[in-house]
Amino acid sequence: MPSTLYDRIYDVVRHIPPGRVATYGQVATVVGAPVTAREVGEAMAALRDGQPEPLVPWQRVINAQGKVSTGPRQQHLLEQEGVVFNAKGHTDLRRFGWPGPDPAWAAAHGFQVLSATDTEQQLDLF
DNA sequence: CTTCTGACGAAAT
DNA sequence: CATTTCGCCAGAA
């Protein structure tokens, strides 16, 4: 069962816990090169025409600016999970950002773990 | 085959 | 901050 690129992306997204958010870039990094943030966006966009099982928590993937890129509905779903957004529409990635996949799980599936620098980059904004 | 369009992102202005 | 520019590129038409 050769999992496709999108399947691998969905696998990673499914591991983002409720109440946390990951950026397209983070997901791409975890899946590993040559996957780019853009492709992650493509994969998420593809979900509009039918979700694979188990369902993918697409709402937990946001852009590097800490904002949702698909309108108010996505933000609403996240707020129901406890993610807080300020008036400008961005969240504090230091508090709600995803630390990365469980190292053991990542290793077992050939995924990458997020390095410190990957998360350090989520400072400012707020 | 060509063209167009992005659920991106980093850097420059 | 908001905008623009550019790199990169998978799909749909």
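Note that the structure is predicted; figures quoted are calculated from it, not measured. Reminder, nothing fancy here: chain letters follow the sequence lines and each chain counts from 1.
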I'd like to check the side chain to side chain donor-acceptor pair (under 3.5 Å) partners of A:Tyr10; sequence neighbours left out, ordered by chain and number.
none
Ring pair (Phe, Tyr, Trp, His ring centres under 6.0 Å) pairs, two or more places apart, involving residues 35-64 of chain A:
none
Show me the side-chain donor-acceptor pairs of residues 72-79 of chain A shorter than 3.5 Å, one per line, residues at least two apart or across chains.
{"residue": "A:Gln74", "atom": "OE1", "partner": "A:Thr70", "partner atom": "OG1", "Å": "2.8"}
{"residue": "A:Gln74", "atom": "NE2", "partner": "A:Gln59", "partner atom": "O", "Å": "3.0"}
{"residue": "A:Gln74", "atom": "NE2", "partner": "A:Val61", "partner atom": "O", "Å": "3.0"}
{"residue": "A:Gln75", "atom": "NE2", "partner": "A:Glu79", "partner atom": "OE2", "Å": "3.3"}
{"residue": "A:His76", "atom": "NE2", "partner": "A:Gln80", "partner atom": "NE2", "Å": "3.4"}

Give every residue pair that meets the salt bridge (charged side-chain N to carboxylate O under 4.0 Å, His left out) criterion with at least one member in residues 56-66 of chain A, sequence neighbours excluded.
A:Arg60-A:Glu81
If you restrict it to nitrogen or oxygen atoms, what contacts under 3.5 Å exist between nucleotides 8-13 of chain C and the protein, and what is each distance?
{"residue": "C:dG11", "atom": "OP1", "partner": "A:Tyr6", "partner atom": "OH", "Å": "3.3"}

Listed by chain and number, what are the ring pair (Phe, Tyr, Trp, His ring centres under 6.0 Å) partners of A:Phe111, not counting sequence neighbours?
A:Trp105
Near-strand residues of residues 68-79 of chain A, defined as heavy-atom separation under 4.0 angstrom from DNA chain C
none
Select one nucleotide: of C:dC1, B:dA7, B:dG9, the one nearest the side-chain heavy atoms of A:His90.
C:dC1
Picking from B:dA10, B:dC8, B:dA7, which would you name as closest to the side chain of A:Trp58?
B:dA7
Between CD of A:Gln51 and P of B:dA7 the distance, given in whole Å, is 16 Å
I need the A:Leu93 CG to A:Lys67 NZ distance, nearest 0.5 Å.
12.5 Å
Those residues at least two apart in sequence (or on a different chain) that pass side-chain contact (heavy atoms from CB on, under 4.5 Å) with A:Ala22 are A:Ile16, A:Gln26, A:Val27, A:Trp98
Could you note down all residue pairs passing salt bridge (charged side-chain N to carboxylate O under 4.0 Å, His left out) where residues 8-34 of chain A supplies at least one of them, sequence neighbours left out?
A:Asp11-A:Arg14
What's the CG-P distance between A:Asp49 and B:dA7, to the nearest Å?
12 Å
